[in-house]
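Keep in mind that this is a model prediction, so the values were computed, not measured. Worth knowing before you read on, the calculation uses all heavy atoms, side chains too, and leaves out hydrogens, waters and symmetry mates.
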Amino acid sequence: MLDDQLVTAYLDRIGATRPGAPDLAGLRHLQERQVLSVPFENLDYHLGEEIYMDERVLDKIVRAHRGGGCFEVNPALAFLLRSLGYHVDILPGRVHRPDGLGPLQGHLALRVRADGEDWLVDTGFGRNSRFPLALASRDEHDDPHGRYRIADSDNGAIDLFYNGKPLYQVVPNPVEIADFAPTLWWYRTAPESSFLQALFCSIRTETGMVTLKGDLLSTVVDGVREQVRLADDEAVLQAYKEHFGFGLDKLPAEPEGGVTTGVRVE
């Protein structure tokens, strides 16, 4: 449980109002504010910095105004939600890839209890929904980011679809955050790791998305995309401040062969 001062700092960081009770309205507000405030990014993988899943991740997200991948931003949100009285489970996931399902615990998502129902909460996938998704519903969920649908899988897992395409599976049996340590080690060290093959920083906005991959800045506003190649390193550093709200002392090293699309963030 976080102390009240850190809870207040977290809420201030994402521009959220403290819920009066651990209900669905509060959960929707907190997820939306996190999605619109905390970038989905992998810069530390290319800056040689440690990746933390325990409460040390709050130094990065709350105090440094940074973001991270699912192993960072979803545990951080879990710490906040539990401190506000929500029941939160950590669920392991498998990402649907062009060549089939990825490994178990390749993704980390949250199951949150609110108003007597279980909700899928995810702020660390890039194409995640803005609002919680009812895990019991098999109907399509209309969300500002698209259409989402939950379906039962033959292997006992739960599939999440986005605009008709499979995103990932989650296993409904909860685990501990520490159980993801071997997978995080693989993502940090394996040449095949998508997080090492790509360099990205992306954030949702009220009307679209902003993404920076190396020196390529992409903006989407009301479905209209624009791209611009930034002039130099100083312009890239300034873009991190302007669009994502944090400064860097140096630029992350680009992957061998240049910046690739790697992990999809749209």
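Contacts classified as salt bridge (Lys or Arg N to Asp or Glu O under 4.0 Å) and involving residues 106-115 (residues at least two apart or in different chains) are given here: Asp89-Arg111, Arg113-Asp118.
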**OP:** Show the numbers, then the answer: is there a side chain to side chain contact (heavy atoms under 4.5 Å, CB included) between Tyr10 and Phe79?
**Re:** CA-CA 10 Å; Tyr10 198 133; Phe79 295 138; 5.9 Å; no
**OP:** Evaluate side chain to side chain donor-acceptor pair (under 3.5 Å) for Thr219 paired with Glu226, printing each intermediate quantity in order.
**Re:** CA-CA 5 Å; Thr219 59; Glu226 293 186 359; 4.6 Å; no
**OP:** Evaluate the side chain to side chain contact (heavy atoms under 4.5 Å, CB included) criterion for residues Leu30 and Leu81: first the C-alpha distance (whole Å), next the side-chain angles of each, then the deciding distance (0.1 Å), finally the verdict.
**Re:** CA-CA 9 Å; Leu30 293 168; Leu81 292 174; 3.7 Å; yes
**OP:** Apply the test side chain to side chain contact (heavy atoms under 4.5 Å, CB included) to residues Arg94 and Asn155: give CA-CA distance (whole Å), side-chain angles for both, the deciding distance (0.1 Å), then the verdict.
**Re:** CA-CA 12 Å; Arg94 306 177 68 185; Asn155 60 9; 4.3 Å; yes
**OP:** Apply the test side chain to side chain contact (heavy atoms under 4.5 Å, CB included) to residues Leu199 and Leu43: give CA-CA distance (whole Å), side-chain angles for both, the deciding distance (0.1 Å), then the verdict.
**Re:** CA-CA 7 Å; Leu199 174 63; Leu43 304 183; 3.6 Å; yes
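Without hydrogens or angle criteria, Arg33 side chain to Ile14 main chain gives a donor-acceptor distance under 3.5 Å. A side-chain donor-acceptor contact under 3.5 Å links His145 to the backbone of Asn128.
Distance check, rounded to the nearest 0.5 Å: CG of Leu11 to CG of Leu84 gives 6.0 Å.
Residues Arg28 and Leu24 have side chains in contact (heavy-atom distance under 4.5 Å, counting atoms from C-beta outward). Counting only heavy atoms from C-beta outward, the side chains of Leu27 and Phe131 never approach each other to under 4.5 Å. Taking the side chain as every heavy atom from C-beta outward, Arg66 and Asp44 approach each other to under 4.5 Å. Using a 4.5 Å cut-off on side-chain heavy atoms (C-beta onward), Leu135 and Glu117 make no contact. Within the 4.5 Å cutoff, the side chain of Trp186 has no heavy atoms near those of the Pro103 side chain. Within the 4.5 Å cutoff, no side-chain heavy atoms of His141 are placed close to those of Arg149. Side-chain contact between Val73 and Gln34 is present, with at least one heavy-atom pair separated by less than 4.5 Å. With contacts defined as side-chain heavy-atom distances shorter than 4.5 Å, the pair Arg147/Asp142 qualifies.
Here the shortest heavy-atom pairing between Pro39 and Ile203 reads N-CD1, 4.1 Å. Across all their heavy atoms, Gly156 and Pro172 have their closest contact at O-CD, 3.6 Å. In terms of heavy-atom proximity, Trp119 sits nearest to Ala114 at NE1-O, 3.1 Å. The two residues His96 and Pro166 make their nearest non-hydrogen contact at CD2-CB, 3.5 Å. Across Thr123 and Gln31, no two heavy atoms sit closer than the pair CG2-CG, 3.9 Å. When all heavy atoms of Arg82 and Val88 are compared, the pair lying nearest together is NH2-O, 2.9 Å.
Residues Ile177 and Leu80 share a hydrophobic cluster, clusters being chains of Ile/Leu/Val/Met/Phe/Trp/Tyr side chains in contact below 4.5 Å. One hydrophobic cluster holds both Leu196 and Ile51 under the rule that ILVMFWY side chains link at heavy-atom gaps under 4.5 Å. The hydrophobic clustering, which links ILVMFWY residues whose side-chain heavy atoms are closer than 4.5 Å, places Tyr86 and Leu77 together.
Ser218 and Gln227 share a donor-acceptor pair across their side chains, judged by distance under 3.5 Å alone. Side-chain atoms of Arg18 and Thr8 include a donor-acceptor pair closer than 3.5 Å.
Aromatic ring orientation, Phe200 versus Phe40: tilted (interplanar angle from 30° to 60°).
In this structure, Phe125 has its ring center under 6.0 Å from that of Tyr168. Between Tyr52 and Phe71, the distance separating the two ring centers is not shorter than 6.0 angstrom.
Heavy atoms from other residues, nucleotides or ligands lying under 6.0 Å from CD of Glu192 number more than 12.
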Quick one: side chains of residues 242-249, donor-acceptor pairs under 3.5 Å with protein atoms, not counting sequence neighbours, listed by atom name and distance.
none

